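Computed from a predicted structure; not experimentally measured.
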Amino acid sequence: MSFLNVRFLVVSLAYALLASAAVSSKRSVQWLQQNGPAAKALNDQYATLTTSSPCNDGDATCVNGQYARCHQGSYLTWPCASGWSCAAIPNEWSEGTTTTCDTNDNIAWRFSEAGISESKRSTPVGRSLQWLQQNGPAAKALNDQYATLTTSSPCNDGDATCVNGQYARCHQGSYLTWPCASGWSCAAIPNEWSEGTTTTCDTNDNIAWKFSEAGISES
């Protein structure tokens, strides 16, 4: 094989690898299908838990339909908003799952796309770019507010926010914080199924995509 052919092969392989990496950073039904079984298994496990179940500090889960975090060896719980549920849902940007409060529509859609039967979920109505555009300014305003907070900032029990880049909940008048996973960030993000915002740890790709689609600059 000539030098030119070898160089062409090397360059071709490099471009193929770059193309593969670019594809993997986009949201995909394939991710949902890959992650669906793990999310379903977690939800089956969550259905067996109580606030007195053993846990490790920082664990995120759902207990009796409420979002829960383990603190000092037991679960603290917070109710989800009306029309929302706590669940482990399959990620659509990368490998893994996310445990959070989310709209019943989004949960149902993700499991449906993953080919997983979740009989307790409603039939999704449809997500929309218009929701992102409507909710974007409110999410941006919340993130600007979060940037000013510290763990000693005044708060109301149950408040969900981001403090110094970590997910935070107000407990007994002060914020408890938990770090997000590597490559993830805490942010208020615009909902794409209904009015409002969600404060959670999410992939940097999904956060950037939602604000971009909403027409909001998040530097």
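Between the side chains of T150 and S152, at least one donor N or O sits under 3.5 Å from an acceptor N or O. A side-chain N or O of N204 and one of S185 form a donor-acceptor pair less than 3.5 Å apart.
Put simply, the side chain of C186 does not reach to within 4.5 Å of the side chain of T200, judged on heavy atoms. Side-chain contact between I89 and T97 is absent, with no heavy atoms from C-beta onward closer than 4.5 Å. In this structure, the side chains of F211 and S217 stay at 4.5 Å or more apart for every pair of heavy atoms. Between L176 and L76, the closest side-chain pair of non-hydrogen atoms falls below 4.5 Å. Side-chain contact check for I107 versus F111: some heavy-atom pair is nearer than 4.5 Å. A 4.5 Å side-chain heavy-atom check between Q33 and E113 finds every atom pair outside the cut-off.
Scored by the side-chain hydrogen bond (donor to acceptor under 3.5 Å, both in side chains) test, Q66 finds T77 as partners (sequence neighbours excluded). Take S74 and apply the side-chain hydrogen bond (donor to acceptor under 3.5 Å, both in side chains) test, not counting sequence neighbours, and it matches no residue. Remark: S82 pairs with no residue by the side-chain hydrogen bond (donor to acceptor under 3.5 Å, both in side chains) rule, at least two apart or across chains.
Taking CG of N43 as the reference point, atom OG1 of T48 lies at 11.0 Å (rounded to 0.5 Å). Rounding to the nearest 0.5 Å gives a distance of 7.0 Å between CD of E92 and CG of N106. To the nearest 0.5 Å, atoms NE2 (H171) and CD (Q72) are separated by 7.5 Å.
As a member of the Ile/Leu/Val/Met/Phe/Trp/Tyr network built from side-chain separations under 4.5 Å, L149 groups with L142, Y146, V163, Y175. Think of W84 as one node in a network of Ile, Leu, Val, Met, Phe, Trp and Tyr side chains linked at under 4.5 Å; it has no links at all.
A donor-acceptor pair is defined here as one N or O able to donate and one able to accept, closer than 3.5 Å; no such pair exists between the side chain of D59 and the backbone of C70. The closest donor-acceptor contact from the side chain of R110 to the backbone of P90 lies under 3.5 Å. When atom types are taken as modelled, the side chain of N135 and the backbone of G196 share a donor-acceptor pair closer than 3.5 angstrom.
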*side-chain contact (heavy atoms from CB on, under 4.5 Å) between N91 and W31: does it pass, once the steps are laid out?*
CA-CA 7 Å; N91 295 341; W31 282 123; 5.9 Å; no

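Nearest approach of A188 to A139, heavy atoms of both residues: O-CB, 3.6 Å. Considering all non-hydrogen atoms of both residues, G136 and A214 come closest at CA-CB, 4.0 Å. Contact detail for L129 and E213: the closest heavy-atom pair is CD1-O, 3.3 Å. Nearest heavy-atom pair across C80 and G65 is SG-O, 4.1 Å. A pairwise comparison of heavy atoms in A160 and Y167 identifies CB-OH, 3.8 Å as the closest pair. Scanning both residues, W131 and S194, for their nearest heavy atoms gives CE3-C, 3.5 Å.
Judged as a salt bridge (Lys or Arg N to Asp or Glu O under 4.0 Å), not a single pair has a partner in residues 64-82 (not counting sequence neighbours).
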